[in-house]
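Keep in mind the model is a prediction, meaning the values are calculated, not measured.
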Amino acid sequence: MQQLQGSTGKKVGMGILGLVALVVLYLVAVGLISSPSTDPYKPEPLAANATDQDRATVIARGLTTALDQSLSSGFGWLPNDLIAPWVIDNTTNYQRGVIYATRPASEVISQNVGRYGNRDTMDPRLANATSRFFSYSENVWGFLFVYDAEGKYKSGIKNWADWASSVGTEGKNAGVYNLRSDDVYNIIKYCVTMTEFALGVLNESNVGHFKTDNNLYYAKGVCAVTANVFRALLAIDSSIYERGGAENVNEALKRFEYIDEFNPMYVMAGGNEIGDAMMPNHIAALARHIDIANNRLTDILATMAR
């Protein structure tokens, strides 16, 4: 009897060790494969004779590319995983920043580009993407008939793609694309709001050492979507260079590129609250790029409003 109990206990112990080993292996794999960044969306400027469907496709991809890449990269969407969020926190917070910026972008672009007038009915695909799919909490997971965040976000991306491909077609499901000067202004204003928000995240006071990297990659995720939307807008309306000032546009693009490439091996915040220690201050470095991008975008708005 004692031998049987000893054998059973040994099997249980081996099973627990095996489970722990699998968890560790999973976390190591996620850490090696997942990346707290996405490839920037850089569409070529569209020709003057480009169709409305071409333009709708570019703006839709500008909105959804960062989220789409986050969902399809490595181990996919991490904020709703049971284990990874507490360990692989850089990628997790980057993805949280991505969905945070995608939500208002979907609302602004659908209201300004996806209909003819303020009183027109919103395209149901864009309305659902904004209010049903992208609004889903980023940490919800499910199975069987319970939708998780990843499934909802994929549906929202599909709705934007379906709308874009339907623009210029015939039939009751044909999408509307209508970009006016005030629409361009409102979308750039969204970009200003997002860069200001990212700065606020980085300037948060009383942040512990082990949270600085979380804030940095969250801000990077916000800026990834913002930069993609801005580049998409430039591709479909090159007059922004003239109306907003080519120097302002080029400097904003350069700073967004710096932000995209910013990925230190280990995030440090200067070593003290003042930030004047010998150690590097990555928070201040990234904040400087975002601040300059924000200032240039603000200057673009001011120039366009004259």
Any donor-acceptor N/O pair, [X] side chain to [Y] backbone, under 3.5 Å:
X      : Y      : value
Ser106 : Thr102 : no
Lys220 : Asp260 : yes
Arg132 : Gly156 : no
Gln69  : Asp39  : yes
Asp291 : Ala287 : no
Asp68  : Thr64  : no
Thr130 : Ala127 : no
Arg55  : Leu46  : no

**Message:** Checking Thr38 against Tyr94: is there a side-chain donor and acceptor pair closer than 3.5 Å?
**Reply:**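 Side-chain D/A pair, Tyr94 to Thr38: present.
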
**Asked** Do Thr51 and Asp54 have side-chain N/O donor and acceptor atoms under 3.5 Å apart?
**Response**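 The criterion, which ignores hydrogens and geometry beyond distance, is satisfied for Asp54 and Thr51.
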
Is there a continuous path of hydrophobic side-chain contacts, each under 4.5 Å between heavy atoms, that joins [X] to [Y]?
X      : Y      : result
Tyr258 : Ile283 : no
Leu67  : Phe133 : no
Ile292 : Val192 : no

What's the spacing between [X] [atom1] and [Y] [atom2] if we round to 0.5 Å?
X      : Y      : atom1 : atom2 : answer
Glu251 : Asn295 : CD    : CG    : 10.0 Å
Leu199 : Ile290 : CG    : CD1   : 5.5 Å
Ile109 : Asn186 : CD1   : CG    : 11.5 Å
Asn112 : Ile187 : CG    : CD1   : 6.0 Å
Ser70  : Glu150 : OG    : CD    : 10.5 Å
Ser135 : Tyr153 : OG    : OH    : 8.0 Å

Between [Y] and [X], is there a side-chain heavy-atom distance shorter than 4.5 Å?
X      : Y      : value
Val140 : Asn80  : no
Phe256 : Thr226 : yes
Leu253 : Phe230 : yes
Val108 : Val229 : no
Met304 : Ile188 : yes

**Request:** Before accepting this row, confirm whether a basic side-chain N of the pair Glu257/Lys254 lies closer than 4.0 Å to the acidic partner's carboxylate O.
**Result:**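 So Glu257 does not pair with Lys254 through a salt bridge.
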
**Asked** Salt bridge or not for Arg243 and Asp237, using N-O below 4.0 Å?
**Response**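 Result for this pair is yes, salt bridge flagged.
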
**Message:** With side-chain contact (heavy atoms from CB on, under 4.5 Å) as the criterion, how do Tyr241 and Asn250 come out once you've worked through the C-alpha distance, each side chain's angles and the decisive distance to 0.1 Å?
**Reply:** CA-CA 8 Å; Tyr241 282 90; Asn250 290 331; 3.5 Å; yes

**Request:** Look at atom CZ of Arg61 and say whether more than 12 heavy atoms of other residues, nucleotides or ligands are closer to it than 6.0 Å.
**Result:**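 Atom CZ in Arg61 is not packed in, count stays at 12 or less.
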
Can you name the closest pair of heavy atoms from [X] and [Y] and give their distance?
X      : Y      : result
Arg115 : Val176 : CA-CG1, 3.7 Å
Val222 : Ala101 : O-CB, 3.6 Å
Asn159 : Leu126 : O-CD2, 4.5 Å
Trp163 : Ala60  : CZ3-CB, 4.4 Å
Trp77  : Gln95  : CH2-O, 3.2 Å
Ala105 : Leu63  : CB-CD1, 3.3 Å

**Request:** For the pair Phe262 and His282, name the ring-plane relationship: parallel under 30°, tilted 30 to 60°, perpendicular over 60°.
**Result:**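 Answer is perpendicular, since the angle exceeds 60°.
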
**Request:** Just grab all the side chain to side chain donor-acceptor pair (under 3.5 Å) pairs involving residues 190-199, residues at least two apart or on different chains.
**Result:**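 Side chain to side chain donor-acceptor pair (under 3.5 Å) check on residues 190-199 returns Thr195-Asn294.
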
**Derivation and outcome, side-chain contact (heavy atoms from CB on, under 4.5 Å), residues Lys154 and Leu71** = CA-CA 8 Å; Lys154 287 181 178 178; Leu71 292 168; 3.8 Å; yes

**Message:** If we check side-chain hydrogen bond (donor to acceptor under 3.5 Å, both in side chains) with Tyr217, which of these qualifies: Thr212, Asn93, Asp89, Asn263?
**Reply:**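 For Tyr217, the side-chain hydrogen bond (donor to acceptor under 3.5 Å, both in side chains) test succeeds with only one of Thr212, Asn93, Asp89, Asn263, which is Asn263.
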
**Request:** Would you please test Cys223 and His289 for side-chain contact (heavy atoms from CB on, under 4.5 Å) and show each step?
**Result:** CA-CA 11 Å; Cys223 289; His289 294 315; over 6 Å; no

**Message:** With side-chain contact (heavy atoms from CB on, under 4.5 Å) as the criterion, how do Val184 and Leu233 come out once you've worked through the C-alpha distance, each side chain's angles and the decisive distance to 0.1 Å?
**Reply:** CA-CA 8 Å; Val184 172; Leu233 190 63; 4.0 Å; yes

**Request:** May I have the step-by-step check of salt bridge (Lys or Arg N to Asp or Glu O under 4.0 Å) for Asp299 and Arg296, ending in yes or no?
**Result:** CA-CA 5 Å; Asp299 289 344; Arg296 293 296 184 160; 5.0 Å; no

**Prompt:** Of all residues at least two apart in sequence or in a different chain, which pass the salt bridge (charged side-chain N to carboxylate O under 4.0 Å, His left out) check with Arg103?
**Reply:**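 Residues passing salt bridge (charged side-chain N to carboxylate O under 4.0 Å, His left out) with Arg103: Glu138.
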
